[in-house]
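Below is one structure, written out as structure tokens; the observations come after it.
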Amino acid sequence: VNDSFLKFTGYEREAVIGRTSRELDLSVNPQQDSALSHLLRTQGKVEGFEFTYRTKSGKIGTALMSLEALVLNGQAISLTVATDITDRKQTELENIQLQQRLQFLLTNTPAVIFTCKPEGNFDTTFISDNVQTLLGYEPQQILQESSFWMNHIHPEDAAPMFARLSSLFEQGHHTHEYRFLHQDGSYRWLQDGLRLIRDASGQPVEVVGYLIDITDRKQAELHLQESEERRRLALDLTETGSWEFDVATGNAIWSDSHYHLMGLQPGELPSNYQTWRDRVHPEDLEWVEQAFNQALATHALLDVEYRVVHPNGTLRWVLTKGQGLYNEDGQPVRMLGVMINITDRKQAELELHQAKAAAEAANLAKSTFLATMSHELRTPLNVILGYAQLLGNDRSLSQEHQTCLRSMHRSGNHLLALINDVLDLSKIEAGRLTLDEIDFDLPEMVQTLEQMFRLRAEAKHLELHLEL
């Protein structure tokens, strides 16, 4: 044995000379001993036989052996040359394990791994088998067909996507999203993550990347965007702004409509407590701030109406509703709410109040007029009735004159009753009228009405008949 044998087995020369490999317990596997002996007997020579051995310390190694059967001094011997390949076999085993792990990842990960050329149409040079699960295409179909990938990108996405690939060569990495034609004819949203590989001289040699299906995410984003657009449209149509206020910092988040309600363009000024405070009418500011603080302190719903002043001096009435959000200790952290334009409602309320005031003033003027007119009418009417009564007591008057005087007296009394009725109407409107129940002569009242209307009927050449 030479020194190399002693080195990789760990034995001393004296312990080896005159002993067989079985006595040294070098062989790990009896089957390999039998196979080696059979080859040597039948062929007389063995080359490149991998032999697993055990060292003196018990460590397992691998040697590449070549043997040849010889006869020396009439005794059969074998000349053996062995090369220790333990490290190489370990490296091979690790490579196999690494390849197995990589294959497992390539097969089971939701991401498709690929490589492609860093030029031209970026033709694919490798793609993992799970691309068939993701997109329905066989890997070989993608690899063998030139420009396959580029030809299946959505027409609206292809040009912008390739235009942005310049960042891959500038930064060494790039991520983009686009629609890709699935084998079933539908388009799927994909996300590509790319990294550029360069050689020692800095020249691009390959692009390594991954792609994942983000169709569900894109659909969720689209639905969220549509929902947000509908919410924003509803807020705009109802002139309602949404807001969120950080109690500790005073910073806020305002919708575009909230800015507009304060006469500002979105982003024109910082969205914070001070900007809002500057827009509140000075006469309303103190009690509005008290309402905010009270709502936060009592965990109550904020509901307050006040005026805001636009930068151009325009006044707007707004209704602000909000609810506080609190931490585990019950301390206010944030407040969320809406601001609604109620200027038209406030204007209508003002006009209604003015109209009511005007109506009350007109009613008062009417009552004053009726009181005055009743006095002006009663004074001469009482004189007429007095003289009619005096003349009626004169016995020298003819029967015809007496009848005329009685008719004049009844008509005067009726006119006086009408004046009293007008005054009673004013009392009804004021809620102060009282009714008295009295007896009266119905035939006499009807005859009085007949006499009152007869003269006017005769003046119009009409006949008036009364039947009792």
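The model shown is predicted, which means the values in this text are computed figures rather than measured ones. Throughout, residue positions are numbered sequentially from 1 according to the sequence presented.
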Quick one: are [X] and [Y] in side-chain contact, heavy atoms under 4.5 Å?
X      : Y      : value
Thr215 : Tyr187 : no
Val208 : Ile197 : yes
Leu24  : Val16  : yes
Phe440 : Ile438 : no
Phe148 : Asp123 : no
Leu165 : His174 : yes
Lys89  : Leu93  : no
His310 : Arg279 : no

Which heavy atom of [X] sits nearest a heavy atom of [Y], and at what distance?
X      : Y      : value
Pro30  : Val28  : CD-O, 3.8 Å
Thr125 : Cys116 : OG1-N, 3.6 Å
Leu196 : Pro204 : CD1-CB, 3.8 Å
Thr86  : Thr62  : OG1-N, 2.9 Å
Thr240 : Ser257 : O-CB, 3.2 Å
Val207 : Lys117 : CG2-O, 4.3 Å

Would you confirm whether [X], through its side chain, and [Y], through its main-chain N or O, come within 3.5 Å as a donor-acceptor pair?
X      : Y      : result
Asp199 : Val205 : no
Asn341 : Thr343 : yes
Ser147 : Asn151 : no
Trp243 : Val338 : yes
Gln32  : Thr52  : yes
Tyr259 : Leu269 : yes
Ser37  : Ser34  : no
Asp246 : Ala252 : no

What is the ring orientation for Phe49 with Phe51, classed by angle as parallel under 30°, tilted 30 to 60°, or perpendicular over 60°?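 It falls in the tilted class, 30° to 60°.
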Can you classify the ring geometry of Tyr273 versus Trp276 as parallel (below 30°), tilted (30 to 60°) or perpendicular (above 60°)? tilted
Under the ring-ring contact (aromatic ring centres under 6.0 Å, His included) rule, what pairs show up with a residue in residues 8-45, not counting sequence neighbours? Phe5-Phe8, Phe8-Tyr53
Within a 6.0 Å radius of atom CD on Glu94, are there more than 12 heavy atoms belonging to other residues, nucleotides or ligands?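 Counting other residues, nucleotides and ligands, CD of Glu94 exceeds 12 neighbours.
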A quick test of your reading: do over 12 heavy atoms of other residues, nucleotides or ligands sit less than 6.0 Å from CD of Glu23?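 It does: Glu23 CD has more than 12 such atoms within range.
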Check the pair Arg198, Glu206 against side chain to side chain contact (heavy atoms under 4.5 Å, CB included), reporting the backbone distance first and the verdict last. CA-CA 7 Å; Arg198 299 180 183 269; Glu206 192 175 47; over 6 Å; no
Checking Gln290 against Gln294: is there a side-chain donor and acceptor pair closer than 3.5 Å? no
Less than 3.5 Å apart, any donor N or O on the side chain of Asp33 or Ser27 sitting next to an acceptor on the other? yes
Interatomic distance, [X] atom [atom1] to [Y] atom [atom2] [nearest 0.5 angstrom]:
X      : Y      : atom1 : atom2 : result
Ser242 : His258 : OG    : NE2   : 8.0 Å
Ile127 : Ile142 : CD1   : CD1   : 4.0 Å
Phe169 : Glu119 : CZ    : CD    : 8.5 Å
Asp303 : Lys321 : CG    : NZ    : 3.5 Å
Leu211 : Leu134 : CG    : CG    : 6.0 Å
Ile85  : Thr91  : CD1   : OG1   : 11.0 Å

Contacts of type side chain to side chain donor-acceptor pair (under 3.5 Å), residue Thr314, not counting sequence neighbours: Asn312
My understanding is that only residues two or more places apart in sequence, or in another chain, count here; which of them pass side chain to side chain donor-acceptor pair (under 3.5 Å) with Gln274? Asp278
Go through Trp254 and Met262 one step at a time and tell me if the side chain to side chain contact (heavy atoms under 4.5 Å, CB included) criterion holds. CA-CA 11 Å; Trp254 294 338; Met262 295 191 297; 3.3 Å; yes
NZ/NE/NH1/NH2 to OD/OE distance under 4.0 Å, [X] and [Y]:
X      : Y      : value
Glu305 : Arg345 : yes
Arg334 : Glu244 : yes
Glu351 : Lys346 : no
Lys56  : Asp25  : no

Can you confirm if the aromatic rings of [Y] and [X] lie within a centre distance of less than 6.0 Å?
X      : Y      : result
Tyr137 : Trp149 : no
His299 : Tyr326 : yes
Phe180 : His182 : no

Dump the intermediate steps for side chain to side chain contact (heavy atoms under 4.5 Å, CB included) on Leu70 and Ser78, then the final yes or no. CA-CA 6 Å; Leu70 300 174; Ser78 64; over 6 Å; no
Would you sort out whether His281 and Leu315 count as a side chain to side chain contact (heavy atoms under 4.5 Å, CB included), showing the intermediate values? CA-CA 8 Å; His281 194 287; Leu315 286 180; 3.6 Å; yes
Step-by-step side-chain hydrogen bond (donor to acceptor under 3.5 Å, both in side chains) determination, Thr133 to Asn130: CA-CA 5 Å; Thr133 303; Asn130 58 344; over 6 Å; no
